[in-house]
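A short write-up of the structure that comes next.
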Amino acid sequence: MKHLLKVLDLDKEEIIDILNLADQLKYELKHKIPHPHLKGKSLGMIFQKASTRTRVSFEVGMHQLGGHPLFLSSSDLQIGRGEPVQDTARVLARYLDGIMIRTFEQKEVEDLAEFGGIPVINGLTDFSHPCQVLADLMTIRELKGQFEGLKMCYIGDGNNMCNSLIVGCLKVGMDVSVSCPKGYEPDAKALEFAADYTNFKITVKPPEAAAEADIVITDVWSSMGREDEAEKRRKAFAGYQVNDEIMSAAKPDAIVLHCLPAHRGEEITAKVLEEHAGEIFEEAENRLHAQKAVMVKLMA
Ligand code: CP
Ligand code: NVA
């Protein structure tokens with residue numbers, strides 16, 4: 001594994017390996033056992049979109065590993081004034097040991113990896129959010145003990161989270177059911193991957209997708225960059241909310257995950273979110289541990 005660009009690139013063993021290391025790093029942190037695997041290394045973090053969790057967890061995670069994180073907002077970089085990513089990559093590769101980037105187009109992340117020659121980590125694109133899905137899988141295994149025999153249901157927009165969850169959950173052996181409104185389906189590449197799996201289902205009826213689910217997941221109706229469609233999307237997504245009705249279709253001990261930020265009253269009710277806050281905020285914490293594992297795998 002040279003980069004973390006999208007979930008599609010990972011095989012099951014690589015995912016399990018990352019999760020095992022993440023569990024170990026979480027244990028070491030809780031027991032105050034130092035783990036300076038990246039002493040003397042630097043990670044540049046390029047952000048072309050806002051972030052709370054990704055920025056802080058990478059920054060703190062790098063610090064805990066003995067390395068140095070640099071926050072690079074695109075509005076301050078020459079990238080924001082049109083310097084091509086191919087040039088930026090070749091320059092940054094001479095100063096840094098790794099780059100994390102959050103941006104719009106998946107191609108930009110792939111180009112950065114191709115031209116830079118140092119490990120690149122996708123901190124979210126319109127297509128994929130691999131760091132989030134690793135944290136989600138870590139949380140599922142922590143709370144449910146295994147992947148086999150579990151059903152993950154995703155309700156809402158066929159966005160970066162939906163694409164990544166479909167691929168990640170199928171790869172580790174879970175059943176996957178997705179419900180998106182017509183016109184808001186997952187990316188064709190995720191559906192193409194899922195087409196080989198008989199344990200994958202997609203429907204326009206959310207209660208059908210949620211039936212007997214062990215894990216219920218949703219995400220915002222309007223992702224970053226789509227804010228101008230919010231009004232239209234609110235109409236299209238009415239009926240695609242994780243609420244009591246959906247939870248009564250799922251198993252009684254089902255957990256709920258949300259990558260956050262959440263919009264209470266849109267994709268999830270305040271009641272369901274608060275009833276499952278334990279899982280959702282453990283999931284947010286696990287971003288730290290999962291990403292530290294990724295950085296150690298790629299940069300140590
Ligand atoms: N879930 C997630 O990636 O959060 P941020 O946008 O706050 O980084
Ligand atoms: N789908 C959301 C995820 C935010 C972490 C977005 O891209 O804005």
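Just follow the structure's listing: the first ligand is 1, and inside any ligand the first atom is 1. Keep in mind that this is a model prediction, so the values were computed, not measured. In what follows, residues are counted from 1 in the order of the sequence shown.
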Q: Under the side chain to side chain contact (heavy atoms under 4.5 Å, CB included) rule, what do I140 and M174 come out as? Steps first, then yes or no, please.
A: CA-CA 11 Å; I140 291 168; M174 294 165 66; 4.1 Å; yes
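- Relative to the six-membered ring of F127, K189 meets both conditions, a distance below 6.0 Å and an angle of at most 45° to the axis.
- Within the listing of ligand 1, atoms 2 (C), 3 (O) sit less than 4.0 angstrom from a heavy atom of H129.
- Residue Q132 touches ligand 1 through its side chain alone, judged by heavy-atom distances below 4.0 Å.
- For atom 4 (O) of ligand 1, the nearest protein heavy atom (residue, atom name, distance) is R53 NE, 2.8 Å.
- Side-chain atoms of D97 come within 3.5 Å of backbone atoms of S42 as a donor-acceptor pair (strictly under, hydrogens ignored).
- One finds the CG atom of N160 at 10.5 Å from the CG atom of D187 (value rounded to the nearest 0.5 Å).
- Under 4.0 Å is where a charged nitrogen must lie from a carboxylate oxygen, and between E59 and R53 no such pair does.
- No side-chain donor-acceptor contact under 3.5 Å links H3 to the backbone of M1.
- Ordered by chain and residue number, the residues placing a heavy atom less than 4.0 Å from ligand 2 are L124, N159, N160, D219, V220, S223, M224, C259, L260.
- Under the ring-ring contact (aromatic ring centres under 6.0 Å, His included) criterion, Y240 pairs with no residue at all, not counting sequence neighbours.
- Under the 4.0 angstrom criterion for non-hydrogen atoms, L124 is not in contact with ligand 1.
- For ligand 1, the atoms sitting less than 4.0 Å from at least one non-hydrogen atom of T52 are 5 (P), 7 (O), 8 (O), numbered in the order shown with element in parentheses.
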(Q) Quick one, K151 with I215, criterion side chain to side chain contact (heavy atoms under 4.5 Å, CB included). Give me CA distance, side-chain angles, the key distance, then yes/no. (A) CA-CA 6 Å; K151 174 177 171 180; I215 302 113; over 6 Å; no
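- Looking only at atom types and distance, the side chain of E108 has a donor-acceptor partner in the side chain of T103 under 3.5 Å away.
- Looking at R287, E283, M224, R102, it is R102 that brings a heavy atom closest to atom 6 (O) of ligand 1.
- In this structure, R55 is positioned above the aromatic face of F71, its NZ or CZ under 6.0 Å from the six-membered ring centre and within 45° of the axis.
- Residue L260 has at least one heavy-atom neighbour below 4.0 Å for each of these atoms of ligand 1: 1 (N), 2 (C), 4 (O).
- Close contacts of ligand 1 with C259, meaning ligand atoms under 4.0 Å from a residue heavy atom, involve 1 (N).
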